[in-house]
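To start, the structure itself, in structure tokens.
These numbers were taken from a predicted model, which means no experiment stands behind them.
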Amino acid sequence: PPSHGFFKEVDHLCIDVNEFLHQSEKKLGSLQSLRRKAFRQIQKIMTILPPKKSLVLAFDGPAPYAKLQRQRETRLQETGLLKSMLTPGTALMGSMEEFFTIQIAKQIGKMRDVTVFMSDSSKPGEGEIKLLNWVKSYVPRNSGDSVVLCGCDADILLQAVGRTVASNSTLVFQRSQKDRNAALFN
């Protein structure tokens, strides 16, 4: 695997999938093109930062009541059927999760000794919170394991900085929505 200045190998690659779905939705007209584009982005990350021990994919689940109301107001103002359907519990989200499950299953042969965890949209919580909770639950403290949290918004960076994830090497891989540059934050 390529060296990124921080790790030569990544033990645990954790990806907030919804951020890539929302980015991919822009300027797309069909469900198939949305699926393909979002999964290609995730494949690119898996190529740049191949996981050695685990791959964690987290979809946003149902939000707390206060956030649900804010989301409804925002989505009523949005245009585009796909964007409004990227909501936990919709048929579109169910089909996206099924598509990702099938695509990851096809990749497993290339990922020796990697365990895949997926948190679907039926489980409550935002993707980045699910990722942080997974790290706290599954990555032993002081193990020396490297953890990369991957998402496209500032929330994941703030959550990683604001919470003690574990006493491990933890990085956030983030891509700017405007200029599409990638950055690693330690």
Self-check item: Validation row: Leu149, Val135 side chains within 4.5 angstrom (heavy atoms)
Solution: yes
Practice problem: Please round to the nearest 0.5 Å and tell me the distance separating atom CG of Asp60 and atom NZ of Lys130. | Solution: 7.0 Å
Practice problem: State the CG-CE distance between Leu55 and Met111, to the nearest 0.5 angstrom. | Solution: 5.5 Å
Quiz item: side-chain contact (heavy atoms from CB on, under 4.5 Å) with Cys150: which of Ile15, Val17, Ile48?
Solution: Ile15
Quiz item: What side-chain hydrogen bond (donor to acceptor under 3.5 Å, both in side chains) pairs are there with at least one residue in residues 97-108, not counting sequence neighbours?
Solution: Glu97-Ser121
Quiz prompt | N/O donor-acceptor pair under 3.5 Å between Ser146 side chain and Asp11 backbone | solution = yes
Quiz item: For residues 38-58, which residue pairs qualify under ring pair (Phe, Tyr, Trp, His ring centres under 6.0 Å), counting only residues two or more places apart or in two chains?
Solution: Phe39-Phe100
Self-check item: Atom pair CG (Leu21) and NZ (Lys37), whose distance is rounded to the nearest 0.5 Å
Solution: 11.5 Å
Quiz item: For atom OH of Tyr138, is the number of surrounding heavy atoms from other residues, nucleotides or ligands below 6.0 Å larger than 12?
Solution: no
Exercise. Evaluate the side-chain proximity of Val56 to His12: yes if any heavy-atom separation is below 4.5 Å, no if none is.
Key: no
Practice problem: Kindly indicate whether the side chain of Met46, heavy atoms from C-beta on, has any atom under 4.5 Å from the side chain of Ile104. | Solution: yes
Exercise. With rounding to the nearest 0.5 Å, note down the distance linking CE in Met93 to CE in Met96.
Key: 7.0 Å
Quiz item: Of all heavy-atom pairs between Phe20 and Gln41, which one has the smallest distance, and what is that distance?
Solution: CD2-OE1, 3.0 Å
Quiz item: Atom CG in Leu57, atom CG in Asn18: separation rounded to 0.5 Å?
Solution: 11.0 Å
Exercise. Scan residues 112-121 for pairs that pass salt bridge (charged side-chain N to carboxylate O under 4.0 Å, His left out), counting only residues two or more places apart or in two chains.
Key: Asp120-Lys123
Quiz prompt | Taking every non-hydrogen atom, the tightest pair across Pro51 and Val114 | solution = O-CG2, 3.3 Å
